[in-house]
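Report on one structure; see the data block that follows.
Reminder, nothing fancy here: chain letters follow the sequence lines and each chain counts from 1.
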Amino acid sequence: MEKVAIIGVGVEGFRSAIRELSYKEMVYQAAVKAYDDAQINPREEVDTFISCEEDFNMGTSITDEYAPDQLGAAQRTVHTITGDGIQGMAAAYMQIKTGMFDVAVVEAQSRVSDILTHNQITNFAFDPLYNRQFDAVYHSTAALEKRAYLEYSGTSEEAIAEVAAKNYNNALKNPIAAYGVRAKASDIMNTDMIASPLRDGEISKPVDGAVVIVMASEKVVKEKNGNPIYINGISYATNSPNFDTRDWQYAKYAKLTADRVYKMAGINDPKEEIDVFEIDDTYAFKELQHLESLGVYDKGEAGKAMLNGDLGSKGSTPVNVSGGVLGVGNAHDVNGLQRIAELVDQLRGHAGRRQISDANTGMAFSWRGVPTTAGALAILSKE
Amino acid sequence: MKVRGTKLTSDEFHNKVIAVKHAPEIEYDWATGVAISKFLKGLKDGKIIGVYCDSCDRTVTPPRMFCEECFSPMSKYVDLPDTGIINTFSIAYIKTDASRVEKPQLPAVIDIDGTSISPSGFLHLLDEINPDDIKIGMKVKAVWKDAIDRTGAITDIKYFKKMEDA
């Protein structure tokens, strides 16, 4: 079966606000870098373009109409995915696998600074008939989940504070990260309680930014003779949109996705077979909950691994050496592609001070945030 | 014409059907970026600004930071005249709430003089003209707000009117 590879990556951002560029100009900057990396001309050599963006976040209905120009996709084959960038990559993967497309471009962007009432947009994601009326701060929904996870897994608050401190410190070594800072677990524990048991230091903060990824069939990879990173497995899943029927203790969407992706990539023991982990940490507890739901650790073991140092950049299962969503910033639908960009750097050996030695295989898992139960997973490899 | 279906009064529609109402308070503040900022600043100064692409040898307005045809960056900004020709137009008798208006609105796409490879221009309004006299290809000129009232917006041009000498 023909493989699909990533042959180019471009990142613009991440910063708390990119006010000097319009959203189109921001995406253009990322696209130019990705096409230079892939050594392709988008006007002639790309067969399909996919933009990941949402009308409410962009403030324009039918916003996909405005996606092409800044990608070099004017009057070409373009469609949008209203979801995370890894979902966009899955669509590109399938298109290449049909044999009708050799080169695909996937883009995701975040322009939170263009939205004055971001809380209202998030509130708008709640079921309008019987959930939205409480006008609850959306972080409290994450707090409901954190409390259920703590009870179910026996994980300590200290382990969760250590996750946040680790990711803020990791971000200091990542030039694209917005929120790197020297932090200790005790610093996190001393931040304001936002919605018990969730503290401010455990909650990621928004950023603007864009990532563009170029994907190609093996045929093009051979022609280009560049620095390809292969996609060995990719999928996505949703648990339940309903508060009344979803699993609150663990992330069932992560398990559903992992079952498919491990089978696709031939992974039997992710902890042993994968070298670098970029796992959603929109809230610090999610990193541990996701690691357990993805089967990397057993129930209740991820927090212990954190306290043992196993999740650190020198540990046996390094998680979020990029800084994760906490350290890089929450770029919403770009979060998945930010993780992919980190894995490509790591697997190419281009990660500088963050480089994990002998990194051959990596996994990136993204979550769409409150109030969703939607996740997407990709496993990348040098071969 | 007989309308099919079941008639509902406004009171029945809004108050007798079981429904949940929600009015969001959503606000945006879009950064205009490099190119459109120059365009809006130009309008404030009473000028229409375009940009020239070296590799395509064309000038377009409103300006953009990159050429969507060849994907090269563009940075040669040029002052264009505030005249152009009507590319297409309409005579609109209803407002966005579907109510009819006494004086029709006259939306038109104006190709601005000095741009190349037609069409390049923008949507605006026509005025000071009898709607029956409007023709595609008619030469028009911008009517500006007084300098003190201009804010750096497309509405700094009040409308376009037929050029007297055309």
> With a 4.5 angstrom heavy-atom cut-off, which part of A:Glu25 approaches chain B: side chain, backbone, both or neither?
Replying inline: both
> At what distance, to the nearest 0.5 angstrom, does CZ of B:Phe122 lie from OG1 of B:Thr61?
Replying inline: 5.5 Å
>> Under 4.5 Å from any heavy atom of chain B, what part of A:Arg19 do you find: side chain, backbone, both or neither?
In response: both
>> Please output the residues of residues 35-49 of chain B in contact with chain A, using a heavy-atom cutoff of under 4.5 Å, in numerical order.
In response: B:Ala35
> So, A:Ser61 and A:Asp55: side-chain donor and acceptor under 3.5 Å apart, yes or no?
Replying inline: no
> So which part of A:Tyr130 gets closer than 4.5 Å to some heavy atom of chain B, the side chain, the backbone, both or neither?
Replying inline: neither
>> Report which part of A:Met26 has an atom under 4.5 Å of a heavy atom belonging to chain B: side chain, backbone, both, or neither.
In response: neither
>> Rounded to the nearest 0.5 Å, what separates atom CZ in A:Arg43 from atom CD in B:Glu69?
In response: 6.0 Å
> Would you call A:Arg368 and A:Asp333 a salt bridge, using N to O less than 4.0 angstrom?
Replying inline: yes
> Is atom OH of B:Tyr159 surrounded by more than 12 heavy atoms (other residues, nucleotides or ligands) closer than 6.0 Å?
Replying inline: yes
> For the candidates A:Lys24, A:Gln70, A:Met58, which exhibits the highest count of non-hydrogen atom pairs separated by less than 4.5 Å from chain B?
Replying inline: A:Gln70
> chain B heavy atoms under 4.5 Å from A:Pro42: which part of the residue, side chain, backbone, both or neither?
Replying inline: side chain
>> Side chains of B:Thr9 and B:Asp11: any donor to acceptor distance under 3.5 Å?
In response: no
> Is the ring centre of A:Tyr23 less than 6.0 Å from the ring centre of A:Tyr66?
Replying inline: no
>> Once rounded to the nearest 0.5 Å, what's the spacing between atom CD1 of B:Ile26 and atom CG of A:Leu116?
In response: 11.5 Å
> Between A:Asp208 and chain B, which part of the residue has a heavy atom less than 4.5 Å away: side chain, backbone, both or neither?
Replying inline: neither
> Where does B:Cys67 contact chain A at under 4.5 Å (heavy atoms): side chain, backbone, both or neither?
Replying inline: neither
> Which atom pair, heavy atoms only, marks the closest approach of A:Asp69 to B:Phe66?
Replying inline: O-CE1, 3.5 Å
> Counting only heavy atoms not in A:Ile62, do more than 12 sit closer than 6.0 Å to its CD1 atom?
Replying inline: no
> Should the pair A:Glu12-A:Arg111 be classified as a salt bridge under the 4.0 Å nitrogen-to-oxygen rule?
Replying inline: no
>> Which atoms of A:Glu44 are under 4.5 Å from chain B, going by heavy atoms: the side chain, the backbone, both sets, or neither?
In response: neither
>> Quick check for you: among A:Asn119, A:Val32, A:Leu71, which has the greatest number of heavy-atom pairs under 4.5 Å with chain B?
In response: A:Leu71
